[in-house]
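For the single chain, residues carry numbers from 1 onward in sequence order.
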Amino acid sequence: MLEAVPNVSEGRDPVAIEEIGRSFASGVSLLDVHSDADHHRSVFTLAGGEEQLVDALVRGAARAVELLDLREHEGVHPRVGVVDVVPLVPLAPGDLGRASDGALAVADRIGSELGVPVFLYGAVGQGRRPAFFRRGGPEELERRVRSGELAPDAGPSQLDPRTGATLVGARPPLVAYNAELATADVAVAREIAAVVRESGGGMPGVQAIGLYLPRAGLAQVSMNVLDLERSPLHEVYARIVAEAERRGVGVSGGELVGLVPASVLEAAEGARARVPGVDETRVLERVLGAVDRPSRLGPCRGRSP
């Protein structure tokens with residue numbers, strides 16, 4: 001069994017989100033849906049056998065391509081396509097190879113069946129990360145393709161402005177987490193993100209950006225924690241709180257995007273630390289164990305439209 005966490009550039013239309021979710025859920029378990037109106041993005045967490053997961057991902061991507069138009073997108077989260085990123089994730093040690101095989105199959109079918117350019121990342125893409133392709137958005141990605149700097153790994157060589165491109169990868173588990181600051185000053189969020197992320201000399205395996213959420217009227221530090229052993233989530237959250245306090249700002253809340261491995265909660269409990277939004281109900285193994293039928297569309301979480 002593998003996990004997949006497709007990210008779609010739609011976070012405001014509940015009807016479209018539900019339709020896309022039902023297409024992703026066909027034949028596999030849909031464990032979680034997280035939608036955010038400011039990010040204008042929905043993250044679906046799926047689990048299933050390799051072949052069934054590949055089929056489900058292509059079906060869900062096809063429905064998103066039918067319903068969505070990237071030209072109308074105005075969310076704050078970086079993106080290059082209506083089906084922005086499709087990572088496959090091993091659920092058991094040693095299964096990264098199976099996740100890689102699944103990712104290559106998904107990439108080939110999205111490119112050939114849906115006519116969307118696909119770029120590979122992670123274990124199937126020379127270790128590149130989505131940010132490598134997202135910088136400057138779909139327009140810049142198209143320019144890089146036209147100049148010969150990049151070429152899609154599957155699908156057509158030209159991006160359609162309506163659908164953009166899709167990034168498909170295989171990677172180990174990570175945690176996506178957003179910390180909301182008690183201020184609307186996005187400069188503070190960007191300062192904190194810069195000192196926390198690994199590329200700025202901060203915590204190992206932490207990616208972070210500062211965003212302004214216009215609908216919420218707050219600034220946010222949005223993060224991916226790639227190395228949960230060297231940078232446990234509760235320590236990352238504590239660092240955010242400390243950096244905010246140094247700048248005279250509070251942290252008003254935290255938001256988990258998707259689910260976390262049980263080890264994340266166990267590490268926090270062992271340190272007697274609390275991370276807002278992370279509890280037993282958000283543990284991947286618990287949610288997966290509770291699924292008793294092939295497809296389940298649970299309640300959509302996140303910031304409402």
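- No chain of hydrophobic side-chain contacts below 4.5 Å, direct or via other Ile, Leu, Val, Met, Phe, Trp or Tyr residues, connects Val118 to Leu167.
- Electrostatic pairing of Glu19 and Arg22 does not count as a salt bridge here, judged by no charged N lying under 4.0 Å from a carboxylate O.
- Using modelled atom types, one side-chain atom of Ser9 and one backbone atom of Gly81 make a donor-acceptor pair closer than 3.5 Å.
- In terms of heavy-atom proximity, Val86 sits nearest to Val83 at CG2-CG1, 3.7 Å.
- Two residues are said to be in side-chain contact when any heavy atoms from C-beta on lie closer than 4.5 Å; Leu228 and Ser263 fail this criterion.
- Rounding to the nearest 0.5 Å gives a distance of 9.0 Å between CG of Leu218 and CG of Asp38.
- The list of ring-ring contact (aromatic ring centres under 6.0 Å, His included) pairs with a residue in residues 58-95, not counting sequence neighbours, reads His39-His77, His40-His73.
- Val287 has its side chain out of reach of Val283: every pair of non-hydrogen atoms, C-beta onward, lies at least 4.5 Å apart.
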Passes side chain to side chain contact (heavy atoms under 4.5 Å, CB included), Glu255 versus Asp36? Steps please.
CA-CA 10 Å; Glu255 176 186 42; Asp36 190 296; 3.7 Å; yes
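- Applying the ring-ring contact (aromatic ring centres under 6.0 Å, His included) rule to pairs touching residues 181-215 yields nothing, sequence neighbours excluded.
- With hydrogens and angles left out, the side-chain atoms of Asp185 and Thr183 include no donor and acceptor closer than 3.5 Å.
- A donor-acceptor distance shorter than 3.5 angstrom exists from the side chain of Arg79 to the backbone of Gly75, with no hydrogens or angles considered.
- Taking the side chain as every heavy atom from C-beta outward, Val116 and Asp160 never approach each other to under 4.5 Å.
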Atom pairs and distances, side-chain donor-acceptor, residues 121-138, under 3.5 Å, sequence neighbours left out:
unit_1 : atom_1 : unit_2 : atom_2 : d
Arg134 : NE     : Asp84  : OD2    : 2.9
Arg134 : NH2    : Asp84  : OD2    : 2.8

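- Not counting sequence neighbours, Arg274 has no partner by the salt bridge (Lys or Arg N to Asp or Glu O under 4.0 Å) test.
- For Glu113, the salt bridge (Lys or Arg N to Asp or Glu O under 4.0 Å) partners two or more places apart in sequence, or in a different chain, are Arg109.
- By the side chain to side chain contact (heavy atoms under 4.5 Å, CB included) test, Glu140 is found to be paired with Arg143, Arg144, residues two or more places apart in sequence or in another chain being considered.
- With Arg197 contributing its side chain and Met223 its backbone, the two residues share no donor-acceptor pair below 3.5 Å.
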Is there a side chain to side chain contact (heavy atoms under 4.5 Å, CB included) between Arg162 and Val65 once you walk through the steps?
CA-CA 9 Å; Arg162 188 182 70 82; Val65 166; 3.9 Å; yes
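- With respect to Arg12 and Glu74, a salt bridge is recorded, a charged nitrogen being found less than 4.0 Å from a carboxylate O.
- The distance from the OG atom of Ser222 to the CG atom of Leu211 is 5.5 Å, given to the nearest 0.5 Å.
- Within the 4.5 Å cutoff, side-chain heavy atoms of Ile17 are placed close to those of Val33.
- The CG atom of Leu31 lies 7.0 Å from the CD atom of Glu3; values are rounded to the nearest 0.5 Å.
- For Leu256 against Gly277, the heavy-atom pair with the smallest separation is CB-O, 3.8 Å.
- Using a 4.5 Å heavy-atom threshold, the side chains of Thr163 and Pro117 count as separate.
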Check: residues 44-51 side-chain donor-acceptor pairs under 3.5 Å, at least two apart:
none

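- The closest donor-acceptor contact from the side chain of Asp227 to the backbone of Arg230 lies under 3.5 Å.
- Using a 4.0 Å cut-off between charged side-chain N and carboxylate O, Arg41 and Glu10 make no salt bridge.
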Going through the distances and angles, do Val221 and Val196 end up as a side chain to side chain contact (heavy atoms under 4.5 Å, CB included)?
CA-CA 10 Å; Val221 180; Val196 169; 5.9 Å; no
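- Residues forming a salt bridge (Lys or Arg N to Asp or Glu O under 4.0 Å) with Asp101 (at least two apart in sequence, or on another chain): none.
- Closest of all the heavy-atom pairs between Ser26 and Ala56 is O-CB, 3.6 Å.
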List the atom pairs, with distances to 0.1 Å, where a side-chain N or O of residues 232-240 and a protein N or O form a donor-acceptor pair under 3.5 Å, not counting sequence neighbours.
unit_1 : atom_1 : unit_2 : atom_2 : d
Arg239 : NE     : Glu243 : OE2    : 2.9
Arg239 : NH2    : Val195 : O      : 3.4
Arg239 : NH2    : Glu243 : OE2    : 3.4

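- A distance of 9.5 Å separates CG of Leu30 from CZ of Phe24, quoted to the nearest 0.5 Å.
- Here the straight-line distance linking atom CG of Asp32 with atom CG of Leu288 works out to 12.5 Å at 0.5 Å rounding.
- Annotation for Gly60 and Ser23: closest pair CA-CB, 3.7 Å, computed over non-hydrogen atoms.
- Phe119 places none of its side-chain heavy atoms less than 4.5 Å from the side chain of Val168.
- Between Leu67 and Ile20, some side-chain heavy-atom pair lies under the 4.5 Å cut-off.
- A search for side chain to side chain contact (heavy atoms under 4.5 Å, CB included) contacts involving Asn224 returns Leu174, Ala176, Gln207, Leu226, not counting sequence neighbours.
- Residues passing the side chain to side chain donor-acceptor pair (under 3.5 Å) test with Glu72: none are found, sequence neighbours excluded.
- Atom-to-atom distance recorded for Ile192:CD1 and Gln220:CD is 12.0 Å, nearest 0.5 angstrom.
- A search for salt bridge (Lys or Arg N to Asp or Glu O under 4.0 Å) contacts involving Asp153 returns nothing, not counting sequence neighbours.
- Annotation: side chain of Asp69 is not in contact with side chain of Val82 (no heavy-atom distance under 4.5 Å).
- Closest non-hydrogen pair, Pro90 versus Pro172, comes out as CD-CA, 4.3 Å.
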